[in-house]
Amino acid sequence: MNRRNFIKRVGLLGAGYALNKNLMLANSGVASTAASFSSFPTVRKPISERNFKSPAIEKAITTFKQKVKNEELGWLFGNCFPNTLDTTVFYSEKDGRPDTYVITGDIDAMWLRDSSAQVYPYLDFMSEDKNLQRLIIGVINKQTSFILKDPYANAFYDDDTKYTRWNSDHTEMKPGIHERKYELDSLCYPIRLAYGYWKKTNDASPFDAQWKKAIETVLRVCKEQQRKDGNGPYSFRRTSEWAIDAVPMGGVGYKVNPVGLICSTFRPSDDATIFPFLVPSNFFAVASLRQASEMVQKITKDNVLADELLALSKEVYNALQTYAVVNHPKFGKIYAFEIDGFGSAYLSDDANVPNLLALPYLGGVDSDDAIYANTRRFVWSEYNPYFFKGSYFEGIGGHHIGTDMIWPMSLIMKALTAQDDEELQQCIQMLRMPVPGSCTSHSTRMTPRNSQGAGLHGPIHCLENCCGKHSMRNHIYWNINHLINQCKQKFMRRITKFSLLLSLVLGLYFPTVFAQSNMTNEMFDLAKLKSGVKNKRISSTDPTGGNRDHLEPFKPGEKRIIADIKGTGVINHIWVTIAPPPPTLSRNDIIIRMYW
């Protein structure tokens, strides 16, 4: 088997494991720090408090620990892999049908995108655990009901009477809807989950008349958002201090030329698009519409609907090749990030998936597509305004978190789409960088240019709110889940299932550390890290494994100490989120005083 097909089969870390086992287990440099800790506390909920118990998952954890002698790896895997089942799923049956509500972690709401990705890695275990299979059927059923409730909403409540804090948004809010940000990828992810389930089980029972109606609804929305006959029924405006929530032109976005592409008012990061034709999401739609067409044709025998879905997939793909390709002065022909169909293009990439880096991973283009190859070089360069590089780390961040911050999932996706061994090894090395004293991997944003200060925002087992609106699941976890599934499914042909999981844990769940700063001046060097001095961070936490990773509510006028640091040093980053959001509370209502 040639190297390209091998990497495509085994995914990121299976390939890394086979290429160099010693790389994974080496204790060198900063990467050895975490392995020196002798105590690895269990941070999972007690058995009696876990939301769902799967013998198949517990068996996988036990076997993994038996086969992998490195205690820390077993500890990390045992804490991380079952976290979705332990803390975020709520299974029930309604009218004899499975019904599964999946919260995103720190918010009591179910995102169509997140919930799909959160359960995706468990598809391979359904044959060993029929209750787990019913749980995933319940997710499909729940997503079907949500799409039928409002296909333009991205997040929902289990309680149909509950009102959201975003109820003042200027859009058609309904009780039971948490947020109504229309994101094209939110309609694609449920199709991806349904297709994956169907292919694994050959079970068509979840795909009844209601599911077919949901697919028809998705098709209708996609055609509405081609905007061939006006802007369609959706608009969104929010009173907010955040520009990323602002949708111009009365809430419909800037005008587009109806060339066959599908508008997406928001990106997968929940940030508003600049030009409504979001290219990565359109590529995702190409693959998802094709999958839906296959399911409809073979399960429901509705050839008319199947043909409509397939025709739209082809129309979108052809429009992408015609209008989404731009000539870059350095990289040649590349895919733009967003376009308007008139000739305007926004050249960038964001770490959240779907993104340009992930196009072959999601089935939008072939990995040997020449334009994609040029695009990949562009997005992993400083010509991409959201690519950042420091002494130890490099990667893509995004509009949601600002400059000089990267998401580890960009490294994961780079490795998944890698074409040479050296690139794979570089990604694995960066993913393995630890933070001393942490108990699991973190919902991490790396700061390539900052070496001291707080930047790892909450442990993975607590599902900490990463950036004021969403937990790490929204920004990291779906990529991790896709990777788990891809690795486990395909690497079994090469090595054992648990060698795969070993490689997964090594690359994804090792804590990360800040890069050493490139800042140099006389005063800064006075406090620069010296040999034998460790980086430090101070963060809220919930050691019980729950989701209360925050300071308890403040009373008006109350004062609290959030950090008491002894000795000389430099604080390079402070990250604070507040709730409730404006206008109830704004940053101007809080005073942070510092004394030294």
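Separation of the Phe283 and Tyr335 ring centroids falls under the 6.0 Å cut-off. Ring centroid separation for the pair Phe81 and Phe64 does not come in under the 6.0 Å cut-off.
Closest approach of Pro190 and Gln143 over heavy atoms only: CB-OE1, 3.4 Å. Residue Ser281 comes nearest to Pro354 through the heavy atom pair OG-CG, 3.6 Å, listed as atom of the first residue, atom of the second, then distance. Scanning all heavy atoms of the two residues, the minimum distance from Val296 to Ala306 falls at CG1-N, 3.9 Å. Shortest non-hydrogen contact noted between Leu184 and Cys263 is CB-O, 4.4 Å. In terms of heavy-atom proximity, Arg237 sits nearest to Gly250 at CD-C, 4.0 Å. Heavy atoms only, all atoms of each residue included: Thr100 and Arg134 are closest at OG1-O, 4.4 Å.
Annotation: cation-pi pair Arg238/Trp166 present, NZ/CZ under 6.0 Å from the ring centroid and within 45° of its normal. Tyr361 does not carry Arg376 over the face of its six-membered ring by the limits of under 6.0 Å from the centre and within 45° of the normal.
Of the possible donor and acceptor atoms, none in the side chain of Asp366 sits under 3.5 Å from a partner among the backbone N and O of Asp369. Judged by distance alone, with hydrogens and angles left aside, the side-chain atoms of Lys174 form a donor-acceptor pair with the main-chain N or O of Lys149 at under 3.5 Å. In terms of modelled atom types and a separation under 3.5 Å, the side chain of Asp350 and the main chain of Asn352 share a donor-acceptor contact. At least one donor-acceptor pair under 3.5 Å links the side chain of Lys301 to the backbone N or O of Lys298. With hydrogens and angles disregarded, no donor-acceptor distance shorter than 3.5 Å links the side chain of Asp160 to the backbone of Gly176. When atom types are taken as modelled, the side chain of Thr417 and the backbone of Lys414 share a donor-acceptor pair closer than 3.5 angstrom. Within the 3.5 Å criterion, the main-chain N or O of Leu356 finds a donor-acceptor partner in the side chain of Asp349. The closest donor-acceptor contact from the side chain of Thr217 to the backbone of Lys213 lies under 3.5 Å. Ser410 places a side-chain N or O within donor-acceptor distance of the main-chain N or O of Ile396, the cut-off being under 3.5 Å. Using modelled atom types, one side-chain atom of Asn141 and one backbone atom of Pro98 make a donor-acceptor pair closer than 3.5 Å.
At least one side-chain heavy atom of Leu312 sits under 4.5 Å from a side-chain heavy atom of Val316. Looking at Pro206 and Tyr197, their side chains come closer than 4.5 Å, going by heavy atoms from C-beta outward. Inter-residue side-chain proximity for Ile137 and Asp203 is flagged as met; some heavy-atom pair is nearer than 4.5 Å. Looking only at side-chain heavy atoms (C-beta outward), Val304 and Asp307 stay at 4.5 Å or farther from each other. Contact of the Ile191 side chain with the Leu289 side chain is not registered, since no non-hydrogen atoms from C-beta on lie closer than 4.5 Å. With contacts defined as side-chain heavy-atom distances shorter than 4.5 Å, the pair Thr144/Leu148 qualifies. Residues Thr164 and Glu179 form no side-chain contact, since every pair of their non-hydrogen atoms from C-beta on lies 4.5 Å or further apart. In this structure the side chain of Val221 never reaches within 4.5 angstrom of the side chain of Tyr234, judged on heavy atoms.
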Might you work through the side chain to side chain donor-acceptor pair (under 3.5 Å) test for Tyr323 and Gln321, ending with a clear yes or no?
-> CA-CA 6 Å; Tyr323 295 96; Gln321 297 303 318; over 6 Å; no

Gln226 vs Lys223, side chain to side chain donor-acceptor pair (under 3.5 Å): CA-CA, chis, key distance, verdict | CA-CA 5 Å; Gln226 286 184 297; Lys223 289 187 173 182; over 6 Å; no

Using the side-chain contact (heavy atoms from CB on, under 4.5 Å) rule, take Phe90 and Asn51 through it: C-alpha gap first, then chi angles, then the decisive distance, then the call.
-> CA-CA 6 Å; Phe90 298 86; Asn51 292 18; 3.3 Å; yes

Can Asp340 and Lys255 be said to form a salt bridge (charged side-chain N to carboxylate O under 4.0 Å, His left out), step by step?
-> CA-CA 7 Å; Asp340 63 1; Lys255 185 178 179 180; over 6 Å; no

Test Arg220 against Glu216 for salt bridge (charged side-chain N to carboxylate O under 4.0 Å, His left out), laying out the working first.
-> CA-CA 6 Å; Arg220 171 177 60 79; Glu216 292 171 339; over 6 Å; no

CA sep, side-chain torsions, deciding dist, call: Asp169, Thr171, side chain to side chain donor-acceptor pair (under 3.5 Å) | CA-CA 6 Å; Asp169 286 348; Thr171 188; over 6 Å; no

Lys212 and Asp302: CA distance, side-chain angles, deciding distance, salt bridge (charged side-chain N to carboxylate O under 4.0 Å, His left out) verdict = CA-CA 10 Å; Lys212 180 184 173 184; Asp302 188 337; 2.8 Å; yes

Begin from the C-alpha positions of Glu294 and Tyr195 and carry the test side chain to side chain donor-acceptor pair (under 3.5 Å) through to its verdict.
-> CA-CA 9 Å; Glu294 180 184 349; Tyr195 187 80; 2.7 Å; yes

Verdict with reasoning, Phe277 to Val279, per side-chain contact (heavy atoms from CB on, under 4.5 Å) | CA-CA 6 Å; Phe277 289 147; Val279 172; 5.6 Å; no

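Atom-to-atom distance recorded for Leu187:CG and Tyr182:OH is 6.0 Å, nearest 0.5 angstrom. Rounding to the nearest 0.5 Å gives a distance of 5.0 Å between CD1 of Ile299 and CH2 of Trp198. To the nearest 0.5 Å, atom CZ of residue Arg113 and atom CD of residue Gln118 are 11.0 Å apart. One finds the OG atom of Ser313 at 10.5 Å from the CG atom of Asn282 (value rounded to the nearest 0.5 Å). Going from atom CD1 of Ile147 over to atom NZ of Lys142 covers 13.5 Å, rounded to the nearest 0.5 Å. The distance from atom CG of Leu85 to atom NZ of Lys53, rounded to the nearest 0.5 Å, is 11.0 Å.
Side-chain N/O atoms of Asp270 and His400 include no donor and acceptor closer than 3.5 Å.
Atom NZ of Lys314 has 12 or fewer neighbouring heavy atoms from other residues, nucleotides or ligands inside a 6.0 Å radius. No more than 12 heavy atoms of other residues, nucleotides or ligands shown are found within 6.0 angstrom of OH on Tyr254.
Only one option out of Leu278, Thr375, Ile274, Thr273 pairs with Phe337 in a side chain to side chain contact (heavy atoms under 4.5 Å, CB included); it is Leu278. With Tyr152 as the partner, the side-chain hydrogen bond (donor to acceptor under 3.5 Å, both in side chains) test is satisfied by one option alone out of Gln225, Lys181, Arg180, Glu172: Gln225. For the ring-ring contact (aromatic ring centres under 6.0 Å, His included) criterion with Phe146, the lone passing option out of Tyr157, Tyr189, Phe156 is Phe156.
With respect to the salt-bridge test (charged N to carboxylate O, under 4.0 angstrom), the residues Asp108 and Lys162 qualify. Checked for salt-bridge contact, Asp185 and Arg192 miss the test: no charged N lies under 4.0 Å from a carboxylate O.
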